[in-house]
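Each chain gets a letter, A, B and so on, in the order the sequences are listed, and its residues count up from 1.
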There are 2 protein chains.
Amino acid sequence: MKKSDISHKAKDLLRSANLNCTRSQILILEKLLQVSRPLSRDEIIKTLGKSSPDQATVYRVLKRFCEKGIIHKAYLQSRAWKYELAHNCTETQCHPHFTCTGCGKTFCLKNSFLPLIKNLEKGFVFHRQQVRVEGLCSMCS
Amino acid sequence: MKKSDISHKAKDLLRSANLNCTRSQILILEKLLQVSRPLSRDEIIKTLGKSSPDQATVYRVLKRFCEKGIIHKAYLQSRAWKYELAHNCTETQCHPHFTCTGCGKTFCLKNSFLPLIKNLEKGFVFHRQQVRVEGLCSMCS
DNA sequence: TTCAAAATTGCAAGTATATTGCAGTTTTAA
DNA sequence: TTAAAACTGCAATATACTTGCAATTTTGAA
Ligand SMILES: [Mn+2]
Ligand SMILES: [Mn+2]
Ligand SMILES: [Zn+2]
Ligand SMILES: [Zn+2]
């Protein structure tokens, strides 16, 4: 996607979520649109470089985005939380993530969905499920 | 299970993993056998009370247990890591965990397995997968 | 365009969680 | 009984995340 398209899309997303188009929120959302995989606070700040907002702001923006449903936490095992756009997801299931035990990289499996879990105990209500896969990526295998 | 059975089982497990039967390791393993659900460092120390080992020891013991394959980290979304016995698991998949968004409690779904993910990209090697389910428990629904 | 309320931000301090170095203790096996 | 190996506690350190507050930016209505 072109840079100007991303910029435009970011602003649209912000407006449709009733959030202000501030420098920080635009920068962070553009970055997430651009890379299209889960990012941690650290990765966001590092890749934004000198122009990056403060870490407190980054966390607050990510929290806001989550509350509005624009992004969500990915279901990974890293110590730090990672966030990604909430597209490629249905109400009941996000795409699975593959983490390589060799190099540590995480890949989005955008086209693999598992059937939803069945036979929950009586009284239990299902909302959504998440899947995490471990293995070796093509570089490490 | 009776208390003496648990104690006996803990020691057996330790021996079969080539670990020493020390006070700390026995206490922590007994606790995990007893509750049969994922526990954090904090929960372990609190429920063991005055007789609990130091937190550094708790972490080191849990790490040792993981390395020997006696326990593993449950993949939850809590900030603190949680550990549980590595039974009720196959090589390729641990039982799923259900977390209630109402009360925050986590339940082990010991009898629900999903089919393994298919169609990994060329070169990718599957090792294991884990599933997390969100919803409401019978108390909160 | 102007301007005040509301939203957002940076900074610094604070909290929660996990790790490490090291000296001392416990466990094991011979 | 004893010495090596395994384990432990304590205190310091590292990392991830949160919060209070004063200052700045954004927005929408005038
Ligand atoms: Mn993803
Ligand atoms: Mn479990
Ligand atoms: Zn890899
Ligand atoms: Zn509940």
Could you tell me the separation between the CD1 atom of A:Ile45 and the OG atom of A:Ser40, rounded to the nearest 0.5 Å?
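Here the rounded value is 9.0 Å.
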To the nearest 0.5 Å, what is the distance between CD on B:Gln25 and CZ on B:Arg64?
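The distance works out to 5.0 Å.
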Can you pull the contact range of chain A along DNA chain D, 5' to 3', using atoms under 4.0 angstrom from its heavy atoms?
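Nucleotide range with atoms under 4.0 Å of chain A: D:dT15 to D:dT27.
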Bend across the helix from C:dT1-D:dA30 to C:dA30-D:dT1, to 10°, with axes taken over 5 pairs at each end?
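About 30°, once rounded to a multiple of 10°.
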With the threshold set at 4.0 Å, does a side-chain nitrogen-carboxylate oxygen contact exist between A:Lys31 and A:Glu43?
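Result for this pair is no, no salt bridge flagged.
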So does B:Asp42 pair up with B:Lys46, basic N to acidic O under 4.0 Å?
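Salt bridge between B:Asp42 and B:Lys46, a charged N being under 4.0 Å from a carboxylate O: yes.
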Reading 5' to 3' through nucleotides 6-21 of chain C, protein heavy-atom contacts under 4.0 Å coded B for base, S for sugar-phosphate only, - for none:
-SSBBB----SBBBBB
Looking only at the side chains, is there a donor atom on one of B:Tyr75 and A:Glu134 sitting less than 3.5 Å from an acceptor on the other?
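Looking only at side-chain atoms, A:Glu134 and B:Tyr75 do form a donor-acceptor pair, the distance falling under 3.5 Å.
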Decide whether A:Ser36 and A:Lys110 meet the rule of one side-chain donor and one side-chain acceptor closer than 3.5 Å.
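Yes - a donor-acceptor pair under 3.5 Å links their side chains.
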I need the single residue from A:Asp12, A:Leu14, A:Leu29 that forms a side chain to side chain contact (heavy atoms under 4.5 Å, CB included) with A:Cys21. Which is it?
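Result for side chain to side chain contact (heavy atoms under 4.5 Å, CB included) with A:Cys21: A:Leu14.
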Which residue in the set B:Ile71, B:Leu19, B:Leu32, B:Ile70 passes side chain to side chain contact (heavy atoms under 4.5 Å, CB included) when paired with B:Leu13?
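The single option meeting the side chain to side chain contact (heavy atoms under 4.5 Å, CB included) with B:Leu13 is B:Ile70.
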Looking at side-chain heavy atoms only, is the closest gap between B:Ser78 and B:Thr99 below 4.5 Å?
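When only atoms from C-beta onward are counted, B:Thr99 and B:Ser78 do not touch, as no gap falls below 4.5 Å.
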Taking the side chain as everything from C-beta on, heavy atoms only, tell me whether B:Ile117 gets closer than 4.5 Å to A:Phe98.
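No; the side chains remain at least 4.5 Å from each other.
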